[in-house]
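Here the structure comes first, spelled out in structure tokens, and everything after it is commentary.
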2 protein chains.
Amino acid sequence: MNAKDLNTEQAILKAAKNVFVMKGMEGARMQEIADEAGINKALLHYYFRSKDKLFEAVFKEALFKLMPNLLDLMKKDLALFEKIKLFVENYINTINENPHIPAFIIHELNRNPERVAELIKSTGINPSFFVNQVYEEIEKGTIEPVNPFHLIVNMLAMCIFPFIARPILQYIIFNEDPKVYAAFIEQRKKEVSEFVINAIKKK
Amino acid sequence: MNAKDLNTEQAILKAAKNVFVMKGMEGARMQEIADEAGINKALLHYYFRSKDKLFEAVFKEALFKLMPNLLDLMKKDLALFEKIKLFVENYINTINENPHIPAFIIHELNRNPERVAELIKSTGINPSFFVNQVYEEIEKGTIEPVNPFHLIVNMLAMCIFPFIARPILQYIIFNEDPKVYAAFIEQRKKEVSEFVINAIKKK
DNA sequence: GTCTATATCGGGATAGAC
DNA sequence: GTCTATCCCGATATAGAC
């Protein structure tokens, strides 16, 4: 595989990512991907055997872009409140750089749950470290007796939801001003971690 | 339009809802809808001129199933904490009866933001009543000075997210046991409203 | 490795009989 | 109002020249 090969392959993957992420597997057109990559349809099949294979490559890349932060949340050796702050800020930053990926993953997740479950398993993700840390803090009396699984889901929800529901929220909350929405997302880094910590810390 | 007409039309809408909600506009097949309705493709076009028209009917119904709760949240005349409790419980119940609708709406929302924005506008939804209520409570000193818009987004996020991300959460958190997931959702009614109230109430 | 031309098929939509 | 048969286009995929 020479340099030119790599360039074309990268160009295809980049174009495919754009199109698949915006339109989903069924909504995407091979022609559109070819156009965006500056090549023709036949080449897509030369590099990736089928639309399905191309999609899988794109989907894996998208999924594994959002997983490392989750793995960090689970395993990093930090005080709970610090970990929460760091996770919220990092995760919102990561999604902000790829704002359409969550909705893309969600759609595929519901279209093909088993396929995705297999991929997730391969990452070896495991919440037990974080869960135990929460139980220890409850034991010590520093936080309220919250269910750590709900805590994880709450944090994920508050970080991800503003991006997947952006068009609706932008209308309800900001009367469609997209500039204000960027500022809103920026605020959330602080707002969400304070919200979470307030919700669990012992008074 | 006689009784038989209504029956067939209802059967089509019901079948279309099932198929569209699970597979989205592009993923759905008219043949599959016809099969599920116990009729043939031609009849679909007799009742609804095109796939697009049929989809629109289904989408509107789905959207307006989740909007009334939101309108209630905004306008109902109740003490803030009571309103939060009631909203969380009602909203999770509503979604639980139609667990795939949120992901369906999210996908369409990102595929066709303008179309959806138009529909939303037609409901005349307006957050100002709720927003003012939050500011009044801050004034009175009963809650922390939180941004009411973030509060709304947080509540929506925590109610909706567990359903749209169900396959992934079910694996990470429960090692794929679907029975436990129903119990988890049930718990959330209490867990989320306590979480929210704890997060904002003055200590 | 990249292109043009074409095969093939699936699916939305319509015609027309009953 | 409901059916069968069919049209027709668009989209994936392949053949084959360069």
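Heavy-atom basis, side chains included; hydrogens, waters and symmetry copies ignored. Every chain is numbered from 1, with letters handed out A, B, ... down the list of sequences.
Remark: B:Tyr47 is in phosphate contact with D:dT2, judged by side-chain N or O atoms under 4.0 Å from OP1 or OP2. Neither OP1 nor OP2 of C:dG10 sits under 4.0 Å from any side-chain N or O of B:Arg29. For D:dT2, neither phosphate oxygen OP1 nor OP2 lies less than 4.0 angstrom from any side-chain nitrogen or oxygen of B:Asn40. Note on B:His45: every side-chain N or O is 4.0 Å or more away from OP1 and OP2 of C:dT14. Using a 4.0 Å cut-off, some side-chain N or O of B:Thr8 falls inside it from OP1 or OP2 of D:dT2.
Using cut-offs of 30° and 60° for the angle between ring planes, the B:Phe87 and B:Tyr91 rings count as parallel.
Residues B:Phe129 and B:Asp77 share a closest heavy-atom pair of CZ-OD1, 4.5 Å.
In this structure, B:Lys41 places its NZ atom 12 Å from C1' of D:dC8, rounding to the nearest Å. D:dC3 atom P lies 5 Å from atom CG of B:Leu43, rounded to whole Å. The distance from atom CG of A:Leu44 to atom P of C:dC3 is 10 Å, rounded to the nearest whole Å. Taking atom CE of residue B:Met30 and atom P of nucleotide D:dT4, one finds them 17 Å apart after rounding to whole Å. The CG-C1' distance, from B:Asp35 to D:dC3, rounds to 14 Å in whole Å. Whole-Å rounding puts the B:Lys51 NZ to D:dG10 P distance at 15 Å. Put simply, CD1 on B:Ile39 is 14 Å from P on C:dA13, counting in whole angstrom units. Atom pair A:Lys23:NZ and D:dA11:P shows a separation of 11 Å (rounding to whole Å applied).
At a threshold of 4.0 angstrom between heavy atoms, the contacts of B:Ala28 are confined to the sugar-phosphate backbone, with no base atom among them.
In this structure, the ring of B:Phe174 has its center less than 6.0 angstrom from the ring center of B:Phe184.
Cation-pi geometry between B:Arg115 and B:Phe55 is not met at under 6.0 angstrom from the ring centre and within 45 degrees of the axis.
Results of the side-chain contact (heavy atoms from CB on, under 4.5 Å) test with B:Met25 over B:Asn112, B:Leu54, B:Val58, B:Asp52 single out B:Asp52 as the only residue that passes.
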